Amino acid sequence: MSEIFEKLAQAVIDGEPEDAVALATEALEQGVNPLECITKGLTVGIQKVGELFASGEYFLPELIIGADAMKGGLDVLEPALLGGQKREVVAQVVLGTVEGDLHEIGKTLVGTMLTANGFQVKDIGVDQPASAFVAAAKEVDATIIGASALLTTTMLQQEKLVQALTEAGLRDKVKVMVGGAPVTDTYSKKIGADGYAEDAISAVDLAFRLADAPA
Ligand code: B1M
């Protein structure tokens, strides 16, 4: 089974969306767990792409096609994750990537996992200012706002979001969950957020705790 994970990772490293789609389809047909395809296959590949980019071996085009391959695989695998969706809504969540930040893959994966576990997710997309999170939270009467940031420069926007909620008089009503590769638990506490999650699975656990609902 590890062979299919390695092939999925390689499709992302090579920037081959069609291979990623074909392999993800094959994996599902073989009954391989879709979440493991993501965590042990596609994610391993995109992390390697990130390392190659950081070391100067890959440039922006390779980063872009690697992400395209990952998204191709996710498009096949994510609907399979939603197969176990519960019927009752646990809580309303507004989810987005902060202003100045275009990274969407991790945020979308968090949204899929939350949806699969019964949360109603309003995904407001990437590059969203604090005001857009606040407006969406008012619109859907959100219990939780989830803000993703992948850049050390944009994680500062998560603090702006906490401030904007306070200014809007919503801070006591809405819990703030933060995540993304450069974000840490220490940073989350420093900016006054309600919690940090390292990955999509722990984001679901955290959301249950923040919503004060049984998992
Ligand atoms: Co960008 N990029 N990127 N990039 N990119 C990183 C983040 C970087 C670490 C790569 C590197 O140098 N090694 C680096 C940031 C350095 C830093 O700030 N410290 C970087 C850079 C520099 C840049 C640009 C500036 C490059 C340039 O233009 N010169 C540029 C910035 C654009 C912008 O945002 N303004 C840029 C652009 C891009 C692409 C657009 C090409 C592409 C994104 C495509 C897309 O999303 N549609 C991209 C990609 C793919 C990456 C890497 C390789 C992979 C990110 C990813 O999708 N990971 C990334 C390197 C890396 O992270 N190792 C990198 C897979 C995903 C499943 O994981 O997003 O971490 P992740 O999400 C996880 C957890 O973090 C967590 O759960 C998710 C699932 O487990 N999580 C949450 C995420 N959000 C959460 C929210 C939560 C809870 C948990 O609660 C709300």
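Given the structure is predicted, the values throughout are model-derived calculations rather than measurements. For the single chain, residues carry numbers from 1 onward in sequence order.
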Hey, can you pull the donor-acceptor pairs under 3.5 Å for the side chains in residues 70-79, sequence neighbours left out?
from	atom 1	to	atom 2	distance (Å)
K71	NZ	E104	OE2	3.0
E78	OE2	T112	OG1	3.1

*Run the salt bridge (Lys or Arg N to Asp or Glu O under 4.0 Å) check on K40 and E6 step by step: do they pass?*
CA-CA 8 Å; K40 297 183 180 171; E6 279 168 27; over 6 Å; no
Taking the side chain as everything from C-beta on, heavy atoms only, tell me whether [X] gets closer than 4.5 Å to [Y].
{"X": "V98", "Y": "S148", "answer": "no"}
{"X": "V49", "Y": "V12", "answer": "yes"}
{"X": "L151", "Y": "H103", "answer": "yes"}
{"X": "M177", "Y": "L114", "answer": "yes"}
{"X": "V134", "Y": "L170", "answer": "yes"}
{"X": "I144", "Y": "Q92", "answer": "no"}
{"X": "D212", "Y": "T143", "answer": "no"}
{"X": "R171", "Y": "V162", "answer": "yes"}

*Is there a donor-acceptor pair closer than 3.5 Å between any side-chain N or O of Y187 and the backbone N or O of P182?*
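Looks like no, no N/O pair under 3.5 Å.
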*Using atom types as modelled and distance alone, determine if a side-chain donor or acceptor of D19 lies under 3.5 Å from a backbone N or O of A11.*
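Not at all, since once roles are kept as given, no pair shorter than 3.5 Å links the two residues.
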*Tell me the side-chain hydrogen bond (donor to acceptor under 3.5 Å, both in side chains) pairs involving residues 156-169, sequence neighbours left out?*
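Checked against side-chain hydrogen bond (donor to acceptor under 3.5 Å, both in side chains) - neighbours excluded - no pair reaches residues 156-169.
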*Report the residues that fulfil side chain to side chain contact (heavy atoms under 4.5 Å, CB included) with P129, sequence neighbours left out, ordered by chain and then residue number.*
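Per chain and number, P129 pairs via side chain to side chain contact (heavy atoms under 4.5 Å, CB included) with E99, S131, A132.
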_Q30 atom CD: more than 12 heavy-atom contacts under 6.0 Å_ =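 Yes.
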_Would S202 and D199 count as a side-chain hydrogen bond (donor to acceptor under 3.5 Å, both in side chains) here? Give the steps._
CA-CA 6 Å; S202 44; D199 56 30; 2.7 Å; yes
*Answer with yes or no whether the hydrophobic clustering places L81 together with I105; edges join I, L, V, M, F, W, Y residues whose side-chain heavy atoms lie under 4.5 Å apart.*
yes
*E26 bridged to K7 by N-O distance under 4.0 Å*: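 No, this pair does not count.
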*With a 4.0 Å cut-off, would you call D185 and K190 a salt bridge?*
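No, no charged N to carboxylate O under 4.0 Å.
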